[in-house]
Amino acid sequence: MTNDHELHAFEEAITPLAQEAMVEPPAHLDNAIKAKARRAVSAGPMSATTAQKKQGILRRKELWQVPLSLAAGLVLGVLIMPGMQSTESTSPLSSDMVFMGDKHSAPVEAEPLANQPPEEWLRTIAGLLLQGEPRKAEALLLEFNRRFPDYSQD
């Protein structure tokens, strides 16, 4: 019962606000819209030549968009490409990625490091990477992991 009473009170409060919010369009605007609609209906269907003329005008307006967008893309490509080619990476890994599990690396002589501690091995591997020799560094790392399987940098 209280729900019905609350709903009725809400409707009584909101009704004047809803009536104020309803605004009729001005008569002159309403009449202009109705007159234009009557003219469009009384004119009948558009002839094929009129439709073709309108379509031709639109087509001519849109005709320049495709060549212009292609030319813009070409200009951007020409301007950007020289900048991309002149940029050289200083990272030794940019041209040759090192994959830890690659067994096809070039053989590296690990004999000079045979009696060295693990830290010296790691310094040598880091030096090879900095010198731009990732394949040698990778091969040394594989040998390092074989010789020092339990090594941890704690």
Side-chain angles (χ1 to χ4, degrees), residues 10 14 17-154:
F10 176 73
I14 204 76
L17 295 173
Q19 289 174 350
E20 286 179 25
M22 288 188 196
V23 177
E24 292 291 322
H28 71 282
L29 183 61
D30 200 28
N31 291 334
I33 293 171
K34 288 178 183 177
K36 192 161 186 161
R38 280 190 209 102
R39 279 192 301 268
V41 169
S42 65
M46 196 181 323
S47 68
T49 56
T50 308
Q52 288 172 347
K53 285 180 186 176
K54 284 188 176 185
Q55 191 178 20
I57 291 170
L58 289 176
R59 193 170 290 162
R60 273 185 256 128
K61 287 182 180 177
E62 296 170 357
L63 200 57
W64 59 270
Q65 292 175 347
V66 172
L68 182 66
S69 63
L70 289 172
L74 183 65
V75 167
L76 283 175
V78 167
L79 291 175
I80 291 174
M81 288 309 289
M84 297 294 283
Q85 291 172 352
S86 67
T87 325
E88 293 184 18
S89 177
T90 56
S91 170
L93 300 180
S94 63
S95 61
D96 254 332
M97 286 298 283
V98 175
F99 295 103
M100 300 302 282
D102 188 10
K103 305 289 188 219
H104 305 293
S105 299
V108 173
E109 295 180 20
E111 292 307 316
L113 296 171
N115 297 327
Q116 299 295 325
E119 291 78 16
E120 185 61 35
W121 279 72
L122 294 175
R123 271 192 228 98
T124 305
I125 292 169
L128 286 171
L129 285 173
L130 291 174
Q131 292 171 10
E133 299 183 27
R135 294 209 186 272
K136 289 182 182 179
E138 179 186 11
L140 258 175
L141 183 61
L142 289 172
E143 182 63 24
F144 172 83
N145 287 335
R146 190 181 65 75
R147 289 186 186 212
F148 306 103
D150 298 328
Y151 180 77
S152 171
Q153 284 185 322
D154 291 331

- Gap separating the CG atom of L122 from the CD atom of E119, nearest 0.5 angstrom: 7.0 Å
- Which residue pairs pass the salt bridge (Lys or Arg N to Asp or Glu O under 4.0 Å) test with at least one member in residues 32-41, sequence neighbours excluded? D30-K34
- Separation between CD (Q65) and CG (L70), nearest 0.5 Å, reads 12.0 Å
- side chain to side chain donor-acceptor pair (under 3.5 Å) against R146, all qualifying residues, sequence neighbours excluded: E143
- Can you sort out the partners of Q116 under side chain to side chain donor-acceptor pair (under 3.5 Å), two or more places apart, ordered by chain and number? none
- Nearest heavy-atom approach of L140 to I125 is CB-CG1, 3.8 Å
- Task: Indicate the ring-plane relationship of Y151 and F144, choosing parallel, tilted or perpendicular according to the 30° and 60° boundaries.
- Result: perpendicular
- Message: Using 0.5 Å steps for rounding, measure from the CG atom of L129 to the OG1 atom of T124.
- Response: 11.0 Å
